[in-house]
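A short write-up of the structure that comes next.
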Amino acid sequence: MAGKYGSLVLILVSFVLLQGGVQLVAAALWNVGDANGWTFGVQSWPNNPSFKPFREGDMLVFKYDPAAHNVIVVDDFGFGTCTTHPANATVYNSGSDRITVQRGETNFISGKADDCEKGLKITVFVRP
Ligand SMILES: *[C@@H]1O[C@H](CO)[C@@H](O)[C@H](O)[C@H]1NC(C)=O
C-alpha cells in the first residue's frame, strides 16, 4: 500500500520538477551581433543566420565603442522614428551593456548620430 502511494508521489514529484525544469534552465547569454557586436548590419541578427530563441531572463550583451554608439530601449514609436521615445527611455552607454530581457517585444536603437537610420537597431521577441 505504502509502496503504491510512494510510487504515485514519486511520479507527481517528478512531474512537478519537470514542469519547473523549464524555468530552472539557466538563462542564456547572447552576444548581440555575435563577433561583430552592436554595429551596422545587426538588425537581422535576431533571426540570422539562425533564429534566436530568446527566453525571459536571458541576458543580451551589447559590445560597441561608446564614443560611436549607445543603446536605448525604446517603444514601437521610438523604433519606427529612430527617436528616444518614451522620453524617459533607458539609455546605456558603457560599451559593454548587459541587459536582462523580459517577455514580449523589446526594441533597442542606437541614439548616436544617424546610427538608427542606418540600421543600428533590433527588436527581440522574448518567450516566457
Ligand atoms: C517612464 O515613465 C512611465 C510613466 O511614469 C513609467 O510607467 C515607465 O516605467 C517609465 N519608463 C522607464 C524606462 O523608466
Side-chain angles (χ1 to χ4, degrees):
M1 204 60 164
K4 196 175 180 183
Y5 284 118
S7 303
L8 186 61
V9 168
L10 192 63
I11 289 168
L12 283 173
V13 167
S14 303
F15 183 73
V16 169
L17 284 177
L18 274 175
Q19 295 298 303
V22 174
Q23 313 300 330
L24 292 173
V25 167
L29 189 149
W30 303 94
N31 287 303
V32 177
D34 296 321
N36 296 327
W38 177 238
T39 189
F40 303 107
V42 77
Q43 199 170 0
S44 64
W45 173 79
N47 295 301
N48 287 295
S50 60
F51 172 76
K52 314 289 191 304
F54 303 111
R55 301 300 296 261
E56 187 165 44
D58 283 0
M59 182 174 283
L60 300 184
V61 182
F62 293 78
K63 289 193 181 282
Y64 54 92
D65 174 0
H69 314 301
N70 65 9
V71 180
I72 308 176
V73 181
V74 296
D75 59 16
D76 286 344
F77 181 83
F79 191 79
T81 57
C82 285
T83 53
T84 301
H85 196 276
N88 64 346
T90 304
V91 180
Y92 297 86
N93 52 25
S94 76
S96 183
D97 307 318
R98 293 168 166 263
I99 303 174
T100 300
V101 290
Q102 305 303 318
R103 71 180 66 184
E105 180 190 302
T106 305
N107 302 306
F108 301 91
I109 68 169
S110 171
K112 294 273 182 107
D114 54 355
D115 282 359
C116 177
E117 287 83 353
K118 289 179 176 169
L120 190 37
K121 57 198 284 194
I122 58 169
T123 296
V124 297
F125 297 94
V126 179
R127 293 177 297 155

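Atoms within a ligand are numbered from 1 in the order they appear, just like the ligands themselves.
Atom 2 (O) of ligand 1 is approached by the protein to below 4.0 angstrom, counting heavy atoms only. For atom 14 (O) of ligand 1, a protein non-hydrogen atom is found at a distance below 4.0 Å. At a distance under 4.0 Å, no protein heavy atom can be found next to atom 9 (O) of ligand 1.
If you number the atoms of ligand 1 from 1 as listed, the ones under 4.0 Å from a heavy atom of Thr90 come out as 13 (C).
The same ILVMFWY cluster, assembled from side-chain heavy atoms under 4.5 Å apart, contains both Val73 and Tyr64. Taken together through direct or relayed side-chain contacts under 4.5 Å among Ile, Leu, Val, Met, Phe, Trp and Tyr, Ile72 and Phe77 form parts of separate hydrophobic clusters.
Partners of Arg98 according to the side chain to side chain donor-acceptor pair (under 3.5 Å) rule, which considers only residues two or more places apart in sequence or in another chain, do not exist here.
Between Trp45 and Phe54, the ring centre distance stays below 6.0 Å. Outside the 6.0 Å centre-distance limit, the rings of Phe62 and Tyr92 are not counted as a close aromatic pair.
Of the candidates Val91, Asn88, Asp75, it is Asn88 that places a heavy atom closest to atom 6 (C) of ligand 1.
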